[in-house]
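Okay, so here's the structure we're looking at.
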2 protein chains.
Amino acid sequence: MPDAAPLEPGQLAAYFALMEVGGLLQHAVEQQLRDEGGLSYIQFQILAVLSEGADGPQRMTDVADRLVHSRSGLTYQIAQLAEAGWVAKTSSPDDERSVMVSLTPEGRTLLDRVMAGHVQVVQRFLLDPLSSEDVASLGDVLGRVRAHMRSVPPRSAAPRRKPRSHL
Amino acid sequence: MPDAAPLEPGQLAAYFALMEVGGLLQHAVEQQLRDEGGLSYIQFQILAVLSEGADGPQRMTDVADRLVHSRSGLTYQIAQLAEAGWVAKTSSPDDERSVMVSLTPEGRTLLDRVMAGHVQVVQRFLLDPLSSEDVASLGDVLGRVRAHMRSVPPRSAAPRRKPRSHL
DNA sequence: TATTGTTATACTCTATAACTATA
DNA sequence: TATAGTTATAGAGTATAACAATA
């Protein structure tokens with residue numbers, strides 16, 4: 001185990017700013033999603049992931065992997081979303097074990113409707129005070145961090161595969 | 001209500017990267033805190049806030065304001081931390097209604113011990129792939145965003161004061 | 001045997017509202 | 001009246017482990 005070199009003040013400041021901004025932004029966005037769509041943030045993320053392929057349904061496990069979720073947790077969330085009529089479950093023709101999930105038309109309508117306000121919140125809280133250079137720089141630096149995080153094995157070098165994502 | 005100008009791809013990318021990095025980092029850090037200190041992230045944040053003053057105890061409400069928490073939620077968390085012996089509650093000499101909270105020596109010891117591993121995780125997941133210029137840029141941009149967020153009134157321009165923070 | 005997904009279960013956390021007491 | 005904090009309560013979400021079905 002390597003020795004812990006204490007962080008420099010600037011490093012600590014960047015870390016704290018990142019966590020605080022992320023937390024505040026998530027808070028703001030969660031409220032908007034709750035108010036305008038009755039959605040939790042994770043539910044929104046699930047709908048967003050399902051809307052991505054533009055084509056069709058995705059496997060449960062793949063969705064869970066994208067979103068850090070335990071599979072039982074995803075089962076729970078999908079059940080909520082299916083009960084509300086926003087997603088549909090179908091069985092896979094290829095693999096009888098798999099369950100495919102897809103957005104229903106209602107789900108897509110909801111996502112579209114909610115996304116408008118969502119974008120407004122992001123604009124207002126995150127983007128308004130930034131120049132386009134700032135945004136480019138932020139995207140560049142955080143993009144590299146994201147790529148790095150995805151490649152770093154968990155500390156308990158477990159032989160389990162678990163790629164992650166948070167939207 | 002202003003019309004929602006759709007975000008440019010770069011803006012969207014920065015937003016997604018921010019949320020994903022924040023989420024992944026919080027996940028990594030939570031696991032470390034749980035493993036090495038039996039602490040949730042919020043509990044860690046509370047201890048960190050209490051350790052800040054360097055001097056002494058702080059009022060319940062002030063801590064809650066710093067951390068987005070409802071007051072009942074903070075009462076719950078403080079009860080947990082007090083039962084574990086990491087914080088102590090005392091009554092304020094100035095205001096009989098107030099309850100002051102402070103770190104116990106055990107709490108400070110725990111925080112110091114946990115902080116070492118914490119810093120390692122931050123180093124490994126966030127800082128390793130970044131140059132010092134990157135870190136400076138990140139801290140600068142996010143610092144401005146944080147300042148902006150703290151000043152933006154909630155959308156439901158409620159006359160409630162609720163300054164926020166996430167560590 | 002390994003993988004997919006569900007279920008049962010138990011736990012943590014959160015917020016709302018009603019309440020007490022001080023200011 | 002307004003503020004500080006607690007309590008009761010109820011709900012959302014999570015993860016673990018045991019399980020069934022399929023590969």
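Numbered from 1 within each chain, the chains take letters A, B, ... in sequence-line order. What you see is a predicted model, and the numbers here were worked out from it, not measured in a lab.
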What's the [atom1]-[atom2] distance between [X] and [N], to the nearest Å?
X       : N      : atom1 : atom2 : result
A/Ile78 : C/dT4  : CD1   : P     : 16 Å
B/Phe44 : C/dC13 : CZ    : C1'   : 19 Å
A/Leu39 : D/dA12 : CG    : C1'   : 14 Å
A/Glu30 : C/dT14 : CD    : P     : 11 Å
A/Gln31 : C/dT14 : CD    : P     : 16 Å
B/Leu67 : C/dA15 : CG    : C1'   : 16 Å
A/Gln26 : C/dC13 : CD    : P     : 16 Å
B/Gln45 : C/dC13 : CD    : C1'   : 14 Å

Heavy-atom check, side chain of B/Val63 versus side chain of B/Leu50, under 4.5 Å
yes

Got B/Ser40 and B/Arg34 here, is their nearest side-chain heavy-atom distance under 4.5 Å?
yes

On the nucleotide C/dT6, are OP1 or OP2 found under 4.0 Å from the side-chain N or O atoms that A/Lys89 carries?
yes

Quick one: on DNA chain D, does B/Leu74 or A/Gln80 contact a more 5' nucleotide (nearest heavy atom)?
B/Leu74

Under 4.0 angstrom, heavy atoms only, what part of the nucleic acid is B/Thr75 near: base, sugar-phosphate, or nothing?
base

Taking side-chain hydrogen bond (donor to acceptor under 3.5 Å, both in side chains) as the definition, give me every residue that meets it alongside B/Glu30, ordered by chain and number, with sequence neighbours left out.
B/Gln26

Is it the case that the ring center of B/His118 lies less than 6.0 angstrom away from the ring center of A/Tyr15?
yes

Tell me if the CD atom of B/Glu8 is crowded by more than 12 foreign heavy atoms within 6.0 Å.
no

Please determine whether a side-chain nitrogen of the Lys or Arg among A/Arg144 and A/Asp140 lies less than 4.0 Å from a carboxylate oxygen of the Asp or Glu.
yes

Between B/Glu20 and A/Arg66, is there a side-chain N and carboxylate O pair less than 4.0 Å apart?
no

What string of B, S and - do you get for nucleotides 14-23 of chain D, 5' to 3', when a contact is any protein heavy atom under 4.0 Å?
BBB-----BS

